[in-house]
Amino acid sequence: MIQSAGVPAYCLALVVIWLTGYLVSAAVGQRLSLPERLGWALVIGLLAQSLVFLVLISLGAAGRWQLLISDLLLAVLAICVTRRHGRYMSPGQPPDRSGMILLALAAVGVGVFALQALSRPMWATDYVAIWGLKAKTIFATGTIPSRLFHDPALYWSHPEYPLLLPLSLAATATTAGEWNDRALALLYPAFHLGTLLVLFGFVRRRRGFLPAAIVAGLCGLYFPLYSPVHVGTAEIPLALGLVLLACAALDTLEKATAGVTTRLALASLVCSALKQEGTLFAILLAGTVVLKRRRGRLLAAATLAGPAILHSLIARTAIGRVAGRTFTLAPLSPAKWSDLVDRLNTAIGAIAGLTTARGWVSIAAIAGILWLTQKSFADLLLPPLLVQVGVYVLAASLSALDVAWHVQTSFVRITSALGPALLVVLGVRLGDLPQGLFLRKSQMGNLKASPH
Amino acid sequence: MSLQGPQQSSNAAFWFDPDYADFLDAVRRLTPPTATVTLTIPPGELYLFTAAYSLAPRRAVLPDREREASVLAIYGTTIKLPAGTVTRIPQGFLVRR
């Protein structure tokens with residue numbers, strides 16, 4: 001009987017990936033806090049692992065030991081190249097009791113999600129039909145078979161979707177030495193933790209400990225996204241990518257150093273290589289940046305849009321034209337505008353029907369926070385987030401299948417991935433509230449000035 | 001690379017038809033990884049999606065592409081069997097051309 005290596009092997013694989021990413025991220029990690037470095041390390045580690053895996057596939061050598069040795073060489077190279085770079089930024093404002101309670105709640109949320117994710121093999125329909133199918137095929141064959149894109153029998157597996165998630169899953173399984181779709185779910189609590197770390201680190205660096213702890217708590221308990229039904233889908237890693245993109249964009253507009261600009265480019269690449277929604281957000285954010293009267297906006301916009309567009313072009317060239325069957329553009333023609341209006345009404349009605357009382361309370365709370373707090377530099381993210389949701393509504397109305405069905409099966413999932421990026425805005429705004437709302441008088445005297 | 005890790009997709013992904021897991025497990029054990037398998041299965045995307053995933057890297061197709069397959073996997077026990085080498089498997093049959 002062959003003993004399964006299981007969760008321990010996958011834990012080790014994740015450690016290898018995370019550690020490799022941590023060492024590589026030192027090259028671009030200037031001005032980042034430690035939590036942010038750790039969040040970046042996970043994504044950079046998976047991106048590096050996937051790229052190395054892709055090279056090994058092209059050489060016909062996609063094996064476990066080849067991948068581990070490549071990781072080791074990459075880590076050594078990273079150490080040699082980056083040892084002259086500085087350490088991470090010190091945290092500034094010290095922690096307080098309220099914030100520590102919120103962080104404890106966040107940890108509970110991450111722990112609950114981890115238990116749920118690992119309690120059973122990944123079973124979400126999108127995992128089975130799309131991401132897992134592609135990843136398992138790549139893992140088992142050691143190649144990327146062209147039939148994943150061109151087989152008419154697989155038209156339902158979205159051949160037009162990008163490959164970073166399947167490659168990440170396959171590379172992780174290769175590093176672990178076996179395919180285990182239960183242990184592979186470990187990546188998802190890791191994505192959750194990475195998102196929380198980046199949110200906390202960024203807001204603490206820019207605003208202070210307590211607002212950072214608030215958004216960390218909200219992220220930790222963000223059950224609309226971090227729930228068992230989304231384990232195995234692309235939305236959870238995309239949420240991390242969008243947060244990285246948002247934070248890097250805001251840092252770039254403040255001071256566009258080489259490291260910060262490189263982080264922005266990497267985040268744009270990751271988002272576009274995960275899902276088309278990531279490409280959309282990168283381009284919308286680029287457009288918003290261009291309209292701002294800020295120095296360096298053109299460089300930031302080009303760095304946002306460039307990798308996303310380049311990735312799409314390279315994928316299109318490498319894979320060839322892939323027919324997508326999800327949407328129809330017919331209603332956009334002037335002769336069919338009445339049909340488009342009907343479809344929009346159906347989509348909006350279906351979305352309203354999906355929104356629970358808790359959802360309306362959440363929307364009201366967000367609106368209340370935005371109304372009560374002052375505008376901040378992070379408000380740059382609001383227009384692309386809102387437009388992105390609008391595009392989702394329009395896309396639902398252009399569904400080639402039943403519009404209401406499309407909304408019911410995908411709208412909440414894809415919209416919830418935007419939540420953590422919105423938390424960047426809320427965290428920065430909360431940091432502008434009068435300190436007395438958060439601190440007792442005895443703590444006011446010990447308060448250090450926050451960096452911004 | 002080993003696919004010998006526990007094939008545990010059966011319980012969670014087959015909530016809609018737990019017997020289907022045993023059927024696909026047998027098809028997987030008795031066919032090579034490079035095979036194209038025609039599936040005679042109930043209608044519904046879940047049957048097709050879970051089959052494609054469970055049998056990967058094998059290619060799983062529906063009866064409209066039967067001529068592309070060397071193996072026919074029939075789920076259920078109340079059907080007239082086609083010509084070929086028939087193997088009884090849990091919840092169905094495997095027919096090799």
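Proteins come first, then strands; the chains are lettered A, B, ... in the order of their sequence lines, and each starts at number 1.
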4.5 Å side-chain heavy-atom contact, Trp123(A) and Thr50(B) =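 Not in contact.
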Please examine the side chains of Asp181(A) and Tyr53(B), heavy atoms only from C-beta on, and report whether any two atoms are closer than 4.5 Å.
->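 With C-beta onward as the side chain, the pair touches.
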Please check if the side chain of Lys136(A) supplies one atom and the backbone of Ser54(B) the other of a donor-acceptor pair under 3.5 Å.
->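 Yes, Lys136(A) side chain to Ser54(B) backbone: donor-acceptor pair under 3.5 Å.
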Ser416(A): partners by side-chain hydrogen bond (donor to acceptor under 3.5 Å, both in side chains), with sequence neighbours left out =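 Expected list: none.
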Identify the residue among Asp151(A), Thr137(A), Leu154(A) that makes a side-chain contact (heavy atoms from CB on, under 4.5 Å) with Arg59(B).
->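 Among Asp151(A), Thr137(A), Leu154(A), the one meeting side-chain contact (heavy atoms from CB on, under 4.5 Å) with Arg59(B) is Asp151(A).
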Counting only heavy atoms closer than 4.5 Å, note whether Leu62(B) contacts chain A via side chain, backbone, both or neither.
->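 For Leu62(B), neither part sits under 4.5 Å from chain A.
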In terms of heavy-atom pairs under 4.5 Å with chain B, which of Val128(A), Thr125(A), Leu133(A) leads?
->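 Top count of heavy-atom pairs under 4.5 Å with chain B: Val128(A).
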Above 12 or not: heavy atoms from other molecules or residues under 6.0 Å from CZ of Arg88(B)?
->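 Result for CZ/Arg88(B): enclosed.
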For Asp17(B), which residues count as a salt bridge (Lys or Arg N to Asp or Glu O under 4.0 Å) partner, sequence neighbours excluded?
->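 Asp17(B): no salt bridge (Lys or Arg N to Asp or Glu O under 4.0 Å) contacts found.
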